[in-house]
There are 2 protein chains.
Amino acid sequence: MSAAVPTILDVAARAGVSKSVVSRVLTGAPGVASATRERVQAAATELGYVANAMAQGMVARRTHTLGAFVRDAATPFYGHLLTALQERASAVGYRVVTATGSGTFPVSEERRALETLVSLRVEGLVVCSGALPVEDVLPLAARVPTVVAGRPERSPALSSVYCDEHGGGRALAEHVHALGHRRVVVLTLEPTTSLTLSPRSHAMAARLRELGVHVTQLRAEDHRDARLDGVGEVVESALAERATCLMTASDRYAVAALEALRARGLSAPEDLSVTGYDGIGDLAGPLLGLTSWRQPLDVVGALAVEEVTAAIDARAADAEVVTRHRAVDGSLLVGRTAGRP
Amino acid sequence: MSAAVPTILDVAARAGVSKSVVSRVLTGAPGVASATRERVQAAATELGYVANAMAQGMVARRTHTLGAFVRDAATPFYGHLLTALQERASAVGYRVVTATGSGTFPVSEERRALETLVSLRVEGLVVCSGALPVEDVLPLAARVPTVVAGRPERSPALSSVYCDEHGGGRALAEHVHALGHRRVVVLTLEPTTSLTLSPRSHAMAARLRELGVHVTQLRAEDHRDARLDGVGEVVESALAERATCLMTASDRYAVAALEALRARGLSAPEDLSVTGYDGIGDLAGPLLGLTSWRQPLDVVGALAVEEVTAAIDARAADAEVVTRHRAVDGSLLVGRTAGRP
DNA sequence: TTGTACGCGTTATCAT
DNA sequence: ATGATAACGCGTACAA
């Protein structure tokens, strides 16, 4: 139960060589007698030696580490994004250190968390937060390659990868139209409420209108949040208007609508078709059978890592770092909650 | 757009002092003329100076960092746990670096991720993984204070904080009994399938029997996973036996059961009461109204941080480090899916 | 009040 | 093939 963490010197002493040799063996450098090499290996494992990444980073000026900041790992959206980042990063030889806030964190804390990442001298930064203003990210982006992931962002000073909200909303609307719906209620949100939910919901309404569908927009802000009763009013309105489909901006809203229907002894899609949006997590499984739009967070994560690493390489090669904004397409999730009218 | 990261020397040069003075100012040490202090502050912010945590850690031999390892941040369970850890840790002055695997990671990768954390010289380790064998954690635990969070663990060499599966299962069973159910089907799992789902499900069945309830155990292993059709068979059996309630080991199973009911034109709790377990994430919201058992992951996270930091302090004070195993109680989530028979 | 010098653990360069 | 030594950026005794 040695409290003291072994250093390279301990390994060297145990193997009866100098620390230089140990370093060479451990980094896989050539020019060490195979007998010596084995002695060193043995000594290292016996001691349970793990190299001090900080000391390595100091001299190597490389940490092989990406910093990921996610607003709240407890939400499926960020959780999946985080996992995708992790997976891709380790595939291309980077480790990931994560700083996560929580829903209750003030933005000032998010800023501090970002600084933590920078203080760790991560080589690249992936910022996933719908709340953190880009102004807070910019100064860091000037120093370390940065990509904002998961939200639309168009500052030319950094790269971004996000889901195509507009395209997704339109495509889902087309699906609803193709099913034959001609009277549809769309639950819309304003940009001030959400930078992601707003564009997708307005895109749905706009596309439906283009297709000649009778559309009624109901603003979520006029009702009580995503609570059951708030959406209940929306469902009531939809039924009163003789609409055959209700399009919502997220799976949570959709589930709330389904419950509101059930509370009235009705169900989807028989009495009213219902669509969601997100396609992530438990709500999107085959269990509920939601008709929705799946955001490819694995792709977003992978591309985000791709962008940072490219920027890192470019900077290392002293080449010009080009920033890009990439919108990725989602895919239709055909479920059982939306059918023919 | 300076690619070069400013060091303490840059700040010193800009302020026209030596780096010692800068260090004192930034660490808040006394004995600096206030005029000088301000000059240094100004220089630091102008340069956007962020201290190199690695260099600091090397000399201070303290990193003020906790390492959290979570098996898969994409699942609500681990996501919430991670957030809880983060929240508590930053409240007590520690930063958290996280390494997360993903559902598809082999255990060898988990081991590597843990080493990454150790190489970063975190002062304490919180391990959240139902999959990683304790043997892989033990060697690290000997070196850095470690606590296993979120799964029952009784190795005396480290501390653990987890949910009381046994007590939860019993309490939920008592609720079902109190509702008046006398014929109940319990969907059980074996320990080889899951270290958490198994004990809770068996505790439910045992407690019900103690209370004189007629219990039929159906092994999940005998059916096709948690898929809709697999649980469909279970629901069929329950109805055929004229059971009034179906207890499952997780909210996912419960939702599957609800859907199976719906597919047959039936519903809960009218035709069959259904209970879940977990109480985390979207499935547990008021939307679905699941009757379930809520695992207090925020408490688990907070206690886990409390345990590690206590161990860190003890070790620093050269006192004896006591390991503890703490089971925390959950709470009943009264929903709409279980009613009187 | 301020500056000098040393060491933390590691890699890389240069001798040997 | 191996060993000594200089950095890396920072905190901190100690000297001025």
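This structure is a prediction, so every number in the text was calculated from the model and none was measured. Below, read A as the first sequence line, B as the second, and so on, with proteins coming before strands; counting in each chain starts at 1.
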Could you check whether A51(A) gets within reach of a base, just the sugar-phosphate, or nothing at all, counting any heavy atom under 4.0 Å?
sugar-phosphate
To the nearest Å, how far apart are L26(A) CG and dA12(C) P?
13 Å
Counting just side-chain N and O atoms, does S18(A) come under 4.0 Å of either OP1 or OP2 of dA4(D)?
no
Short heteroatom pairs, N/O only, protein and nucleotides 5-8 of chain C, under 3.5 Å:
residue : atom : partner : partner atom : Å
dC8(C)  : O3'  : R61(B)  : NH1          : 2.9

Is any side-chain heavy atom of V147(B) closer than 4.5 Å to one of V127(B)?
no
Q56(B) vs dC10(D): side-chain N/O to OP1/OP2 distance below 4.0 Å:
no
Is R151(B) close to V134(B) at the side-chain level, that is, under 4.5 Å between some pair of heavy atoms?
yes
Applying salt bridge (Lys or Arg N to Asp or Glu O under 4.0 Å) to R326(B) and E307(B), what does each step give before you reach the verdict?
CA-CA 10 Å; R326(B) 302 171 73 165; E307(B) 285 295 324; 2.8 Å; yes
Taking the side chain as every heavy atom from C-beta outward, state whether L114(A) and D136(A) have any pair of such atoms under 4.5 Å apart.
no
Side-chain heavy-atom pair R71(A), L132(A) within 4.5 angstrom cut-off
no
Do D72(A) and T100(A) get their side chains close enough for a donor-acceptor pair, meaning under 3.5 Å?
no
Distance in angstrom units between L47(B) CG and dG9(D) C1', rounded:
15 Å
Between dT1(C) (C1') and R37(B) (CZ): distance, integer Å
11 Å
Hey, does the side chain of Y49(B) come within less than 4.0 Å of dG9(D)'s phosphate (OP1/OP2), counting only N and O?
no
So, T65(A) versus E123(A): side-chain donor-acceptor pair below 3.5 Å or not?
no
Atom-to-atom span, CG of N52(B) to C1' of dG11(D) - whole angstrom
13 Å
Establish, with yes or no, whether the OP1 or OP2 oxygen of dT2(C) is under 4.0 angstrom from a side-chain nitrogen or oxygen of T36(B).
yes
Rounded to whole Å, CZ of R24(A) lies from P of dC14(C) at a distance of 13 Å
What is the distance from CE of M54(B) to P of dC10(D), rounded to the nearest Å?
10 Å
Figure out the CG/C1' separation between D10(B) and dC10(D), and round it to whole Å.
13 Å
Would you confirm whether R121(A), through its side chain, and V118(A), through its main-chain N or O, come within 3.5 Å as a donor-acceptor pair?
yes
Roughly how bent is the helix from dT1(C)-dA16(D) to dT16(C)-dA1(D) end to end, in steps of 10 degrees, with each end axis from five pairs?
50°
Given dT2(D), dT2(C), dC10(D), identify the nucleotide with an atom nearest to the side chain of A33(B).
dT2(C)
Is R112(A) salt-bridged to E109(A), going by a charged N under 4.0 Å from an acidic O?
yes
Rounded off to whole Å, could you give me the NE2-to-P distance for the H64(A) and dT10(C) pair?
16 Å
